[in-house]
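Letters go in sequence order (proteins before strands), and every chain restarts at 1.
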Amino acid sequence: MYDYLKIEKKWQQQWVESNLYQVKEDKAKPKYYVLDMFPYPSGDGLHVGHPKGYIATDIIARKRSMEGFQVLHPMGWDAFGLPAENYALKNKVHPRVAVEKNIINFKRQLSLLGFSYDWSREINTTDPAYYRWTQWAFLQMWHKGLAYESFAPINWCPSCQTGLANEDLDDGCCERCGTLVEQKPMRQWVLKITDYADRLLNDLDKLPDWEEAIKEMQRNWIGRSEGAEIKFKIKNTTANITVFTTRLDTIFGCTYVVLAPENELLQNLKDKIKNWAEVEKYIEEVKNKTDLQRTDLNKEKTGVVLEGVKAINPFNQEEVLVYAADYVLNSYGTGAVMAVPAHDDRDFAFAIKHNLLIRRVITDETEDDLDEAFTNDGKLIKSGEFSGLNSAEARQKMSDYLEKNDVGQKKINYKIKDWVYSRQRYWGEPIPLIHCKKCGVVAVPESDLPVVLPEVKSYEPTGTGESPLAAITDWVNVDCPQCGAKAKRETNTMPQWGGSCWYYLRYLDPKNEQALVAKDKDKYWSPVDLYVGGAEHATRHLIYARFWHKFLFDIGVVSHEEPFTSLKHVGLIMGEDERKMSKRWGNVINPDDMVERFGADALRVYEMFMGPFDQAAAWNTNGLSGTRKFLEKVNLIFDSREDLPFKEDKTIVALLHKTIKKVSEDIDDFHFNTAISALMILVNGISEYRQINKALPLNKEQLALFLKLLSPLAPHLSEELWEKIGQAESIFLSSWPKYDEKLIKDEIITYIVQVNGRLRAQLEMPADATEREVIDRAQAEVGVIKWLEGKEIKKIIFVPGKLVNFVV
RNA sequence: GCCGCGGUGGCGGAACUGGUAGACGCGCUGGACUUAAAAUCCAGUUGUAGAGAUACAGUGCGGGUUCGAUUCCCGCCCGCGGCACCA
């Protein structure tokens with residue numbers, strides 16, 4: 001009988017008691033660092049989707065360890081941030097209390113699944129001993145000018161009552177609560193991630209083991225575009241309008257210039273603008289539009305001309321109209337564009353509506369009519385000395401012209417914005433800065449770190465742009481560390497992504513009080529060899545962490561430029577109704593129940609068997625009974641009540657060795673589903689043999705090989721059966737099996753016989769049969785003769801070991 | 001609009017660098033065991049025709065290359081994901 005509950009409990013206890021998974025640096029062995037994206041411990045606990053990635057990393061960790069690697073496989077908690085705080089507010093408990101309780105529950109749920117985590121390295125981002133180093137790293141950035149105070153309008157979530165980074169938005173809504181985000185000017189701390197944009201982009205090419213999809217998302221997010229900035233003089237003033245374009249080659253087609261309504265230049269030109277009242281009204285109108293209304297691609301392009309203002313095209317000295325229009329964004333480029341309606345869709349639409357001149361300057365030499373913008377490259381016409389060049393040459397020559405005449409230069413722009421890093425909320429790391437009237441902003445001395453998050457009566461957000469910390473006067477009021485005068489602490493806290501920017505480094509050295517991580521430990525363990533988590537982090541955590549890591553590299557804290565060598569993304573497990581698992585749909589499956597009904601091993605095997613690892617798949621509890629049956633069959637093979645004789649079977653032995661090869665390769669490739677299928681085929685073979693012959697086709701050593709193959713996937717049952725066949729030490733201290741090259745070569749090969757590419761017969765031939773022999777036999781097959789009869793064989797195709805094809 | 005990924009039985013999915021399409025699992029159908037049910041075991045399970053051997057069709061659609069295409073090429077359709085008035 002397969003008593004999974006007893007077996008699983010027994011081994012989970014033994015593994016803990018023997019410290020089986022605790023790991024130390026061992027210079028004699030190669031290291032392997034396999035990491036999960038650590039969870040935020042929510043009050044709802046785990047659903048069956050969460051462990052999918054953890055099962056995969058556990059399989060890899062166990063296999064690598066058996067292969068002789070020193071494996072680091074840690075786990076911890078990302079417990080700061082809005083979700084924890086909102087949960088606490090809703091349930092009227094202190095976030096710390098809620099988090100502690102949730103962690104206990106999460107840990108219990110994880111241990112039910114038998115993961116090989118080294119819990120001695122557990123970390124928690126809300127632990128002052130941990131966030132001391134988050135604050136420390138922030139201070140290093142501040143010292144280097146990478147953290148700065150900004151007063152520009154930012155995303156404000158009226159429900160969460162805090163500022164948010166661009167990365168925290170989904171379709172213009174707060175990623176946490178779904179509320180439409182507003183733009184609100186507000187003092188905030190910002191990290192200069194744009195300084196690292198080029199490196200974050202270029203170094204993606206140094207990551208061949210990252211999935212292309214994730215790299216592509218990051219490329220999109222960083223959004224590099226190469227172009228030029230051009231100064232258009234404003235007639236009768238000393239001022240310029242600087243525009244950014246990627247299509248300098250179209251500049252002779254520029255028939256007007258557009259400023260974003262928020263562009264400061266408009267205010268400066270107030271006196272020159274004859275219709276200022278009208279312009280001001282337009283600016284007001286735009287201000288009242290939400291971002292969503294503004295960026296609706298289908299809406300008509302509105303705008304207003306600036307009467308009395310003309311800009312001068314530096315290439316042909318032509319005077320052009322200047323508009324204010326909200327199809328130009330102030331937050332990208334220079335907040336101004338040169339409009340070339342003939343060669344840009346948006347300018348074209350605007351020009352049609354406002355009846356403006358459309359001048360074609362790029363041709364593809366086919367037709368001349370323009371009923372829409374021609375946006376491809378081509379040959380320049382009507383472009384003065386540049387006429388006749390193709391677009392690419394022209395861009396080069398024209399940017400030389402810009403620089404020579406001091407009217408602009410080449411320029412690279414990025415879509416990624418600096419990271420809005422402060423939150424007006426309670427549950428986060430305090431930003432370790434002090435505001436002094438005399439000295440300005442002063443860093444908290446490193447010896448005073450951590451700045452501990454104080455206890456507070458009300459941790460509800462204030463909504464005023466101040467965090468609840470501002471109300472705790474005895475915490476806020478401090479002496480300036482520089483001049484000793486009365487000063488105030490910064491009261492904003494860090495965002496939820498702060499602590500996760502570097503947590504993977506802390507596992508290397510979790511108790512170090514002298515440094516974020518000791519150099520020798522970093523040298524031994526870094527970088528992370530395998531990182532597994534959800535694709536939703538592609539443009540959030542994964543960009544932020546790469547940014548911090550590069551910074552830590554620059555200041556000499558870590559020795560590698562990239563933190564994660566290979567990255568796999570886990571596909572979601574959907575509910576049985578194919579919707580995302582959520583309380584809202586009532587389709588959540590709890591792993592505790594599944595472990596109770598089917599066992600942890602069956603659950604592990606099922607989640608890996610569902611389909612390709614990176615693909616989303618709908619849950620099906622019936623499928624779980626399939627993997628359970630598989631494990632029952634395995635158990636039956638080893639059932640000691642039947643003392644079956646051993647009668648070796650060559651086919652099954654060969655199958656065993658083929659399975660070793662396949663399972664080894666498939667696990668390395670993350671093809672867990674086909675690895676399991678191969679194991680099922682082997683087990684079916686053994687079971688069938690056992691039933692027919694009342695004997696086992698494999699001896700004890702061979703059965704041991706099979707158990708090792710199964711052990712990363714179903715650790716409890718494998719360990720139990722391993723003990724049953726008389727092994728004293730844990731199976732995870734044994735070595736990964738190797739296949740015998742000689743045994744996996746087939747002696748008999750099945751040839752496919754085709755006539756005109758259609759299957760007509762199958763032929764069993766010895767492996768060493770010659771081409772002649774195979775063809776002769778093939779031709780004599782009954783199923784083949786009738787297709788060849790009375791026809792002339794034009795050609796015979798022979799693929800050794802595979803097939804014969806007669807072409808008639 | 002741009003970029004990426006995908007489309008294979010009733011379902012999840014397999015198929016190495018072009019070589020037996022549907023492995024493995026679920027479900028379903030029939031049978032054995034049972035007073036009965038569950039569990040278990042055995043057989044079948046892409047469609048059409050046929051009692052059957054077998055034949056033909058078949059991997060989103062239309063073409064092409066090839067002795068041979070789920071796989072390669074060209075042109076479409078649909079779904080998912082990312083980015084997006086980004087100049």
Engineer: Once you apply the 3.5 Å cut-off to both distances, tell me the Watson-Crick or G-U wobble partner of B/A32, or none.
Structural biologist: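 Per the H-bond distance test, B/U40.
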
Engineer: Expressed as a whole number of Å, how far does the P atom of B/A49 sit from that of B/A38?
Structural biologist: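 Taking atom P in both B/A49 and B/A38, they lie 32 Å apart.
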
Engineer: Look through every strand shown and name the nucleotide pairing with B/G9 as Watson-Crick or G-U wobble, where both distances are under 3.5 Å.
Structural biologist: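 None - no nucleotide pairs with B/G9, as no candidate has both distances under 3.5 Å.
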
Engineer: Please work out whether B/G6 sits syn or anti, treating a glycosidic angle within 90° of 0 as syn.
Structural biologist: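 Anti, which is what one calls it when the glycosidic angle falls more than 90° from 0.
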
Engineer: How many whole angstroms separate atom CD1 of A/I412 from atom C1' of B/C86?
Structural biologist: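 Roughly 15 Å, once rounded to whole Å.
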
Engineer: For B/C11 and B/C28, measure between their P atoms and round to the nearest Å.
Structural biologist: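 Looking at atom P only, B/C11 and B/C28 are 15 Å apart.
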
Engineer: Under 6.0 Å from the six-membered ring centre of A/F252 and within 45° of its axis: does the NZ or CZ of A/R359 meet both?
Structural biologist: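 Ring-cation test returns no.
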
Engineer: I want to verify a distance call: between B/C24, B/C3, B/A87, whose nearest atom is closest to the A/V328 side chain?
Structural biologist: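 Comparing B/C24, B/C3, B/A87 against the side chain of A/V328, the answer is B/A87.
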
Engineer: Taking the minimum atom-to-atom distance to the side chain of A/V807, which one of B/C67, B/G4, B/G13 wins?
Structural biologist: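 Per side-chain heavy atoms of A/V807, the pick is B/C67.
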
Engineer: Look at A/N684 and B/G25 and indicate whether a side-chain polar atom (N or O) is within less than 4.0 Å of OP1 or OP2.
Structural biologist: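 Looking at the OP1 and OP2 atoms of B/G25, one of them is under 4.0 Å from a side-chain N or O of A/N684.
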
Engineer: Look at A/R760 and B/A55 and indicate whether a side-chain polar atom (N or O) is within less than 4.0 Å of OP1 or OP2.
Structural biologist: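 So the side-chain polar atoms of A/R760 do come within 4.0 Å of the phosphate oxygens OP1 or OP2 of B/A55, strictly under.
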
Engineer: Please report whether the ring centroid of A/Y606 lies less than 6.0 Å from that of A/W619.
Structural biologist: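 Yes; A/Y606 has its ring centre under 6.0 Å from that of A/W619.
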
Engineer: Could you identify the nucleotide paired to B/A14, looking across every strand shown and requiring Watson-Crick or G-U wobble geometry with both distances under 3.5 Å?
Structural biologist: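 Result: none.
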
Engineer: Can you figure out which of B/C3, B/G82, B/C67 approaches the side chain of A/E216 most closely?
Structural biologist: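 From the listed options, B/C3 comes nearest.
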
Engineer: Using the closest heavy atom to pick a nucleotide of RNA chain B for each, name whichever of A/A678 or A/T674 lands nearer the 5' end.
Structural biologist: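 Its nucleotide being nearer the 5' end, the pick is A/T674.
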
Engineer: Please give the distance between the C1' atoms of B/G13 and B/G82 as a whole number of Å.
Structural biologist: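 These two C1' atoms come out 26 Å apart once rounded.
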
Engineer: Is the Lys NZ or Arg CZ of A/K568 less than 6.0 Å from the centre of A/F670's six-membered ring, within 45° of the axis?
Structural biologist: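 Satisfied, under 6.0 Å and within 45°.
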
Engineer: What's the closest nucleotide to the A/I797 side chain, out of B/G19, B/G12, B/U20?
Structural biologist: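 Looking only at side-chain atoms, A/I797 lies closest to B/G19.
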
Engineer: Output the single nucleotide from B/A87, B/C42, B/C83 whose closest atom is nearest the side chain of A/W221.
Structural biologist: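 Nearest to the side-chain atoms of A/W221, counting from C-beta on, is B/C83.
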
Engineer: If you draw the axis of the six-membered ring of A/F806, does the NZ or CZ of A/K795 fall within 45° of it and under 6.0 Å from the ring centre?
Structural biologist: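 Verdict for A/F806: no cation-pi partner in A/K795.
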
Engineer: Less than 6.0 Å separating the ring centroids of A/F672 and A/F609?
Structural biologist: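 A/F672 vs A/F609: aromatic centres not under 6.0 Å.
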
Engineer: Tell me whether the OP1 or OP2 atom of B/G27 has a side-chain N or O from A/N622 closer than 4.0 Å.
Structural biologist: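 Result: yes.
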
Engineer: Can you tell me if A/K802 touches the phosphate of B/G19, counting only side-chain N or O atoms and a distance under 4.0 Å to OP1 or OP2?
Structural biologist: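 False: A/K802 side-chain N/O out of range (4.0 Å or more) of B/G19 OP1/OP2.
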
Engineer: Assign A/W787 to base, sugar-phosphate, or nothing according to its heavy-atom contacts below 4.0 angstrom with the strands shown.
Structural biologist: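 Sugar-phosphate: the residue A/W787, judged by heavy atoms under 4.0 Å, touches backbone atoms but no base.
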
Engineer: If you only use heavy atoms from C-beta on, which nucleotide in B/C41, B/C67, B/G19 is closest to the side chain of A/V799?
Structural biologist: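 For the A/V799 side chain, the nearest candidate turns out to be B/G19.
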
Engineer: From B/A14, B/C3, B/G25, pick the nucleotide closest to the side chain of A/M680?
Structural biologist: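 Side chain of A/M680 sits closest to B/G25.
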
Engineer: Distance check needed: B/G81 P versus A/N220 CG, whole Å only.
Structural biologist: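 So the two atoms are 15 Å apart, to the nearest Å.
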
Engineer: Return the 5'-most residue of the pair A/Q615, A/S331 with respect to RNA chain B, ranking by each residue's nearest nucleotide.
Structural biologist: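 Between the two, 5'-proximity favours A/Q615.
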
Engineer: Do the side-chain N or O atoms of A/N673 get closer than 4.0 angstrom to the phosphate oxygens (OP1, OP2) of B/A14?
Structural biologist: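 Checking B/A14 against A/N673, a side-chain N or O does come within under 4.0 Å of OP1 or OP2.
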
Engineer: Using the P atom as the reference point in each nucleotide, state the distance between B/U20 and B/U70 in Å, no decimals.
Structural biologist: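 Per the computed distance, 10 Å lies between those P atoms.
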
Engineer: Please find the pair of heavy atoms, one from A/D377 and one from A/D249, that lie closest to each other, and give the distance.
Structural biologist: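 Minimum heavy-atom contact is OD1-OD2, 4.4 Å.
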
Engineer: For B/C26, does either OP1 or OP2 sit under 4.0 Å from a side-chain N or O belonging to A/K629?
Structural biologist: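 Checking B/C26 against A/K629, a side-chain N or O does come within under 4.0 Å of OP1 or OP2.
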
Engineer: From CD1 of A/I752 over to C1' of B/A15, roughly how many Å is that when rounded to an integer?
Structural biologist: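 Atom CD1 in A/I752 sits about 12 Å away from atom C1' in B/A15.
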
Engineer: Return the nucleotide paired to B/U66: Watson-Crick means purine N1 to pyrimidine N3 with N6-O4 or O6-N4, wobble means G-U with N1-O2 and O6-N3, both under 3.5 Å.
Structural biologist: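 Partner of B/U66: none.
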
Engineer: Go ahead and name the base partner of B/A84; Watson-Crick or wobble counts if both distances stay under 3.5 Å, otherwise write none.
Structural biologist: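 With both distances under 3.5 Å required, B/A84 matches none.
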
Engineer: Report the base-pairing partner of B/A55 (Watson-Crick or G-U wobble, both distances below 3.5 angstrom), or none.
Structural biologist: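 Across all strands, the one nucleotide that pairs with B/A55 is B/U48.
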
Engineer: By nearest atom, which of the nucleotides B/C86, B/G13, B/G19 is closest to the A/P612 side chain?
Structural biologist: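 Nearest to the side-chain atoms of A/P612, counting from C-beta on, is B/G13.
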
Engineer: Check the phosphate of B/A87 against A/Y327, side-chain N and O only, distance under 4.0 Å to OP1 or OP2. Yes or no?
Structural biologist: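 Result: no.
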
Engineer: Do the side-chain N or O atoms of A/R758 get closer than 4.0 angstrom to the phosphate oxygens (OP1, OP2) of B/A57?
Structural biologist: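 For B/A57, OP1/OP2 do have a side-chain N/O of A/R758 under 4.0 Å.
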
Engineer: Cation-pi check for A/W419 against A/R540: NZ or CZ below 6.0 Å from the six-membered ring centre and within 45 degrees of the axis, yes or no?
Structural biologist: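 A/R540 over A/W419 ring: no.
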
Engineer: Any luck finding a side-chain donor-acceptor pair between A/N684 and A/K633 under 3.5 Å?
Structural biologist: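 Yes, because at least one side-chain N or O of A/N684 sits under 3.5 Å from a partner of the opposite role on A/K633.
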
Engineer: Specify the separation, in whole Å, of atom CG of A/N805 and atom P of B/U66.
Structural biologist: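 Those two atoms, CG and P, are 15 Å apart.
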
Engineer: Work out how far the P atom of B/G44 is from that of B/U54, and round it to whole angstrom.
Structural biologist: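 It works out to 15 Å between them.
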
Engineer: Confirm from the modelled atom types if A/Q754 and B/G19 form a donor-acceptor pair under 3.5 Å, side chain to base only.
Structural biologist: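 Result: at least one qualifying N/O pair found.
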
